[in-house]
Peer 1: 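What follows is a structure written as structure tokens; I'll ask about it next.
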Amino acid sequence: MSTLVLLLITGVGLGALYFLVASGLSLIYGLMHVLNFAHGAFLSLGGLLGWEVGRRVGDGTWGGLLVSMLVGMLVGALFAIVTELVFIRRLYNRHIEQVLVTVGIGLAAVALFEGIWGSDPIITTKVPWLRQTTEVVGARVPNHIWLLIGVAVVVLLAIVLFLRFTRFGLVIRAGVENRTMVTALGIDVRTAFTIVFAIGGAAAGLGGVLASVYYGNVSAHQGTSLLIYAFIVTVIGGLGSLTGAAIASVLIAVLQQLANFYLGGTGDLIIVLALAAVLLVRPSGLLGRAA
Amino acid sequence: MSRLTGNRFVVPVLGVLLVVFAALLPRLDLSVPGVLPGATYTPGTLQILAYGFLIAALALSYHLIFGLAGMLSFGHALFFGAGAYGLAIVLRRLLPAELPAGVALLIAVLVTLVVAFVIASAVGALALRVTGISFAMVTLAFAQAMNVLVRRNTGGQTGGEEGVSVTSAMVPDVLIGVRNSANLYWIALAILVLVYLATVWIESSRVGHVAAAARENELRVRVLGLRPYTVRLFVFTAAGVLAAVAGMGMVLLQSGTTPRVTSADFTLTLLVIVVLGGVGYRWGAIVGGLVYTLLDKRLSDLASSDLIASLPAVLRIPLSEPIFILGSIFVLIVMFLPGGIAGIAHRVRSGGESSHAH
């Protein structure tokens, strides 16, 4: 019983990490129909620079962690904005080329990070409290899981509130629904593109810092490996659906944890099978609109 | 008209001459300083060229999916890996049977081809139920699953992170050792020619035409009463089998393989190659594969050279990462040179022709 509880809670924690990456991917795809392969690089850079600044402010303290998270968000957002303004915008409406450009940026950026920080993971120092565990119904849950879940919930709420109650949010929601119509009404959707990229980048950068807490290390490759799971989550949840991404993140991560424990480390395989099954039964994903 | 019939003969003749020239290289003493590491008869150079041929063959097979049928697949490494791993594993399993090495190799090649065919048609049948980005994701997921299985050493067959190796007991003696690198070179060249001919055949067949038509306008093809799904499945499967052939060549050439050839990064590299050479051009894929291989080797050499080591960190770090340079070139090509190397050549030629007309 306690094992099951532990697996479920850590699964939700991992899901929180997936969500931070998948939320941006899903929003960007929903509005611009670009599958952003550079998203992993946003995450890696956020994690690496967040760590660099955080450890100088206070290695292994709450202050340091908070600063890392802010730096991670800022760096991710800036990287994303530059990507959108310099590369994506010039290839307006050429979706395949846009995907190719993000592939190239992803490859080049990760190689550059490797050159700067080396290809081996760098061990990070955790805040003492995050190293401890809390007992829940007999299960000893590592405290960093609570941090991950808390931050992901805050991010989810923030994005939902932004989309619901601001003018830009309105434009973005309308753009996801029918971009041609929004443009025809004389609204400049391109600002919305940049904002969506910035939000996605910030979430990914924050995810990078939290990934370093979760795994206990930062590396140039962290983003790339998480990105593949985030893609799977995004497709299962339904491309363009934020709620879908949130639900799918948790489902997939819990499924992965359970399969890894009970079915002899087959978590990754189970996810792929789940993806295949979902696409065969509902090609548009759980909450996606019919393509 | 005369130009048309002229082209029809000139291109094959040029092609044959190129292949004959390539086949003679191991017996010639040609040096291209700065591009090849040594004279063309040296094993090091032959190894690199053979590697380039196999990558070119792989890029050609990817061209069928991406260039001809217009499907963005992120899982092509799956089939290359299936060929490489399949051949090595079957060869090892055949070892206790004590067959003559040539027979064992032949059986292993046939078994691997069948396995590759089954995998490619199964993955294709599933993945082609969706299109566009979802298709890319499903193929990526399958390739990723293979990558995980291979790295985990599932069933104790794939050797985990270390990969599998082909030992001298498994293959005929003429394929082993530095002395015989010319033989491996010829095999790689033969594979490239074979894959090229298969690609030409598929592209000029009815199936190829329907696949190209479905790429341009799927609705019209449907209205004509044709089924894009079947045609795409055929192209996808054929490309998968051809990729496996290239993979088999690679495992022989390198006497083994590592999980890297099944990774998503490897497929992305392939995408870079096809775009570098020029999407939609057969010879673009070949040139892209060769240029990429040579560039990759040269840039790695450059990275470890004294010249780079003496530069300040701002320049040294980017220049010592070949993938960074290749990735940047790739981004620039996508942004400013759609059509890649083949596109440039095409533009130069058509520019020349129009000036003739004036």
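Chain letters run A, B, ... following the sequence lines, proteins first and then strands; every chain starts at 1. Just so you know, these numbers come straight off a predicted model, no measurement behind them.
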Peer 1: How about A:Thr194 and A:Arg89: does a side-chain donor come under 3.5 Å of a side-chain acceptor?
Peer 2: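 Side chains of A:Thr194 and A:Arg89: pair found under 3.5 Å.
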Peer 1: Name the region of A:Val99, side chain, backbone, both or neither, that has any atom closer than 4.5 Å to a heavy atom of chain B.
Peer 2: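 For A:Val99, the side chain is the part near chain B, not the backbone.
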Peer 1: Does B:Arg220 CZ have over 12 foreign heavy atoms under 6.0 Å away?
Peer 2: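 No - once you tally the heavy atoms of other residues, nucleotides and ligands closer than 6.0 Å, there are 12 at most.
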Peer 1: By a 4.5 Å heavy-atom criterion (distance strictly below it), what part of A:Phe87 contacts chain B: side chain, backbone, both, or neither?
Peer 2: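 Both the backbone and the side chain of A:Phe87 come within 4.5 Å of chain B.
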Peer 1: Of the backbone (N, CA, C, O) and the side chain (C-beta and beyond), which part of A:Leu112 lies under 4.5 Å from a heavy atom of chain B, both, or neither?
Peer 2: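 Both parts, heavy atoms under 4.5 Å.
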Peer 1: Closer than 3.5 angstrom, by distance alone: can the side chain of A:Arg179 be matched with the main-chain N or O of A:Leu31 as a donor-acceptor pair?
Peer 2: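 Flag set: sc A:Arg179 to bb A:Leu31 pair under 3.5 Å.
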Peer 1: Using a 4.5 angstrom heavy-atom cutoff, name the option from A:Leu107, A:Val235, A:Leu100 with the most pairs to chain B.
Peer 2: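 Most heavy-atom pairs under 4.5 Å with chain B: A:Leu100.
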Peer 1: Using a 4.5 Å cut-off on heavy atoms from C-beta on, say whether the side chain of B:Arg227 contacts that of B:Thr230.
Peer 2: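 Yes, side chains in contact.
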Peer 1: Check whether B:Leu140 gets within reach of chain A through its side chain, its backbone, both or neither, counting any heavy atom under 4.5 Å.
Peer 2: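 Looking at B:Leu140, just its side chain touches chain A.
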Peer 1: Below 4.5 Å from any heavy atom of chain A, which atoms of B:Val334 appear? Answer side chain, backbone, both or neither.
Peer 2: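 Both parts, backbone and side chain.
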Peer 1: Which atoms of B:Ala145 are under 4.5 Å from chain A, going by heavy atoms: the side chain, the backbone, both sets, or neither?
Peer 2: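 Interface part for B:Ala145: both.
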Peer 1: Where along residues 116-127 of chain B does a heavy atom come under 4.5 Å of chain A, listed by residue number?
Peer 2: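 B:Leu126 fall under the 4.5 Å cut-off.
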Peer 1: Considering heavy atoms only, which positions within residues 34-42 of chain A lie below 4.5 Å of chain B?
Peer 2: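 Expected list: A:Leu35, A:Phe37.
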Peer 1: Considering only heavy atoms, which portion of A:Ile116 lies under 4.5 Å from any heavy atom of chain B: side chain, backbone, both, or neither?
Peer 2: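 Both backbone and side chain.
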Peer 1: So, is the end of the B:Lys297 side chain (NZ or CZ) under 6.0 Å from the ring centre of B:Tyr292 and within 45° of the ring's axis?
Peer 2: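 No, B:Lys297 does not sit over the ring of B:Tyr292.
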Peer 1: Step through the shown structure and confirm whether more than 12 heavy atoms of other residues, nucleotides or ligands are within 6.0 Å of CD on B:Gln157.
Peer 2: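 Buried by this count: over 12 neighbours within 6.0 Å.
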Peer 1: So what's closer than 4.5 Å to chain A heavy atoms on B:Phe66: side chain, backbone, both or neither?
Peer 2: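 Just the side chain, heavy atoms under 4.5 Å.
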Peer 1: Assess, by modelled atom type and distance only, whether the side chains of A:Ser119 and A:His221 contain a donor and an acceptor separated by less than 3.5 Å.
Peer 2: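 Note: A:Ser119 and A:His221 side chains miss the donor-acceptor criterion.
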Peer 1: Is it true that B:Phe236 and B:Phe79 have ring centroids separated by less than 6.0 Å?
Peer 2: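 Between B:Phe236 and B:Phe79, the centre distance is under 6.0 Å.
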Peer 1: Under a 3.5 Å threshold, yes or no: a donor from one side chain and an acceptor from the other, between A:Gln257 and A:Tyr262?
Peer 2: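 Judged by distance alone, the side chains do not pair up.
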Peer 1: Could you tell me whether the side chain of A:Ser26 and the main chain of A:Ser241 form a donor-acceptor pair under 3.5 Å?
Peer 2: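 Pair found, side chain donor or acceptor close to backbone of A:Ser241.
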Peer 1: Just by distance, no angles: are the side chains of A:Asp268 and B:Gln144 close enough, under 3.5 Å, to form a donor-acceptor pair?
Peer 2: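 No - no donor-acceptor pair under 3.5 Å links their side chains.
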Peer 1: Under a 4.5 Å cutoff for heavy-atom pairs, which residue among B:Leu326, B:Val331, B:Val279 has the most contacts with chain A?
Peer 2: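 So the answer, after comparing B:Leu326, B:Val331, B:Val279, is B:Val331.
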Peer 1: Checking the side chain of B:Arg215 only, and the main-chain atoms of B:Ala211 only, is there a donor and an acceptor separated by less than 3.5 Å?
Peer 2: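 It does not hold such a pair.
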Peer 1: Is any side-chain heavy atom of A:Thr234 closer than 4.5 Å to one of B:Met137?
Peer 2: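 Not touching, per the 4.5 Å side-chain cut-off.
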Peer 1: Against chain B, label A:Ile96 side chain, backbone, both or neither, depending on which of its atoms sit under 4.5 Å from a heavy atom there.
Peer 2: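 Just its side chain gets close to chain B.
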Peer 1: Which answer fits A:Gln98, side chain, backbone, both or neither, if we ask what part of it has an atom under 4.5 Å from a heavy atom of chain B?
Peer 2: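 No part of A:Gln98 comes within 4.5 Å of chain B.
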Peer 1: Ring centres under 6.0 Å, that's the criterion: do A:Tyr29 and A:His33 meet it?
Peer 2: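 Yes - the distance between ring centres of A:Tyr29 and A:His33 falls below the 6.0 Å cut-off.
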Peer 1: Can you say whether B:Phe142 sits under 4.5 Å from chain A via the side chain, the backbone, both, or neither, judging by heavy atoms?
Peer 2: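 Contact with chain A: backbone and side chain both.
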Peer 1: Under 4.5 Å between any side-chain heavy atoms of A:Leu251 and A:Leu286, yes or no?
Peer 2: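 Yes. Closest side-chain heavy atoms under 4.5 Å.
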Peer 1: Judged by atom type as modelled, is there a donor-acceptor pair below 3.5 Å linking the side chain of A:Ser44 to the main-chain atoms of A:Ala220?
Peer 2: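 The answer is yes, because a donor-acceptor pair under 3.5 Å joins these two groups.
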